[in-house]
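Here the structure is laid out as structure tokens; the discussion comes afterwards.
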Protein chains: 2
Amino acid sequence: MNKTEQFLQLKGIRVTAMRILIYNFLSEKKVTVTLSDIENAFDKADRTTLYRTIKTFEDKEIVHQIDDGTGVTKYALCEPNCHCDLNTDLHLHFHCTQCGATVCLTDHKIPKIKVPNGYIAEHVNLVVKGICDKCSVK
Amino acid sequence: MNKTEQFLQLKGIRVTAMRILIYNFLSEKKVTVTLSDIENAFDKADRTTLYRTIKTFEDKEIVHQIDDGTGVTKYALCEPNCHCDLNTDLHLHFHCTQCGATVCLTDHKIPKIKVPNGYIAEHVNLVVKGICDKCSVK
DNA sequence: TAAAATAATGCACTTCCATTGCATTGATTA
DNA sequence: TAATCAATGCAATGGAAGTGCATTATTTTA
């Protein structure tokens, strides 16, 4: 049993071929991916399976969703100690309007946000749009 | 010619009955609205007209889009000196997970966000989720 | 280890929202 | 007033998300 398999088992889900493949696919990517990206990478597999695999990964805090404002949900592997549900360890996401890539800037934590009296903040989503490092040098 | 009509003309678009109605509808709302909300308020009008009216308002910086992560695009009137395209005057949005309302917290400006070298930030979208003031007192 | 239980996968559908083409109606301008 | 251009309405499309159910695979336990 290799690292990926051990990891999935540790997370309390069944280790299947599909899950190993999708997990490895995600870990190779430096940018966030859409369901369609995964679909294109595994055109033999059914869309629903991929969809539900990602949902399972989300539930088990293996991946997190990113809403970058393009209208399509992006996904990325969580960091080792990520607790996406909680108000901790929130990093920001950058969406490049040129190449369309969305990346996790895990080193850039989100500053404390003040909300008015009576409001209770539970989750923060911060997306910066602009030109990424690869596109800005061209 | 009243205030609304003057305003629309100032923005460089034709003043039509539909546009006046939609503008007034938006200005009465304290929360952001979806296209469906507008549709329900004007069930005599065609969906496409409402859709394109909002798009026109967006182009002319009369309304701005809010992506609160619910998957449905929300809209709200811009503030007097709002330039949504530019990196100025960005306020944050609050989405209440209980009542589903999304409000513009126009008094709460977004802190300067640092991005890594090579990245060029052009726009910032910040959505805080939690419980709003009305729901938290219940 | 075979049978029973539970979970994962695949197929077919459905729903919802966003968007477009085209004809028609309405508003502006020459 | 005719010609021009923009706004509206209708019909249709496309994309993404999500669900029900049958089938296959994996795990448990008797």
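Letters A, B, ... mirror the listed sequences (proteins, then strands); counts begin at 1.
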Checklist entry - With the sugar-phosphate defined as primed atoms, P, OP1 and OP2, and the base as all remaining atoms, what B/S/- string results for nucleotides 14-27 of chain C, 5' to 3', for protein heavy atoms under 4.0 Å? => result ---SBBBBB---B-
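- Side-chain nitrogen and oxygen atoms of A:Thr49 include none within less than 4.0 Å of the OP1 or OP2 phosphate oxygen of C:dA8.
- A straight line from CD of A:Glu39 to P of C:dT9 spans 15 Å, rounded to a whole angstrom.
- Note on B:Thr56: nothing from the nucleic acid sits closer than 4.0 angstrom, heavy atoms only.
- Here the P atom of nucleotide C:dG10 and the CZ atom of A:Arg19 are 12 Å apart, to the nearest Å.
- Grouped by direct or indirect side-chain proximity (heavy atoms under 4.5 Å, Ile/Leu/Val/Met/Phe/Trp/Tyr only), A:Ile131 sits with B:Ile120.
- Taking atom CG of residue B:Leu50 and atom C1' of nucleotide D:dT8, one finds them 10 Å apart after rounding to whole Å.
- Separating the CD1 atom of A:Ile13 from the P atom of D:dA25 is a distance of 19 Å, rounded to the nearest angstrom.
- Here D:dC10 presents its P atom at 13 Å from CG of B:Asp43, a figure rounded to the nearest Å.
- The side-chain hydrogen bond (donor to acceptor under 3.5 Å, both in side chains) test applied to B:Thr34 returns B:Asp37, not counting sequence neighbours.
- Evaluation of the salt bridge (Lys or Arg N to Asp or Glu O under 4.0 Å) rule for A:Lys55 yields A:Glu58 as partners, not counting sequence neighbours.
- Summarising the geometry, the separation between CD1 on B:Ile38 and P on D:dG9 is reported as 14 Å, rounded to the nearest angstrom.
- Every residue was checked against the side-chain hydrogen bond (donor to acceptor under 3.5 Å, both in side chains) condition with A:Asp67, not counting sequence neighbours, and none meets it.
- A:Val137 belongs to no hydrophobic cluster, as no Ile, Leu, Val, Met, Phe, Trp or Tyr side chain comes under 4.5 Å of its own.
- Between the C1' atom of C:dG10 and the CD1 atom of A:Ile22 lies a distance of 13 Å, rounded to the nearest Å.
- Scanning for side chain to side chain contact (heavy atoms under 4.5 Å, CB included) contacts around A:Thr106 gives A:Glu79, A:His91, A:Cys104, with sequence neighbours left out.
- Within residues 23-33 of chain B, no residue places a heavy atom under 4.0 Å from DNA chain D.
- Checked against the 6.0 Å centroid threshold, A:Tyr23 and A:Phe7 count as a close aromatic pair.
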Under 3.5 Å, side-chain donor or acceptor atoms of residues 38-45 of chain B against the rest of the protein: list the pairs with distances, not counting sequence neighbours.
residue	atom	partner	partner atom	Å
B:Glu39	OE1	B:Arg47	NH1	2.5
B:Asn40	ND2	B:Ser36	O	3.2

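- For B:Leu8 and C:dT28, the CG to P distance is 12 Å, given to the nearest whole Å.
- With B:Ile13 as the fixed residue, the side chain to side chain contact (heavy atoms under 4.5 Å, CB included) test singles out one of B:Ile62, B:Thr53, B:Asp59: B:Ile62.
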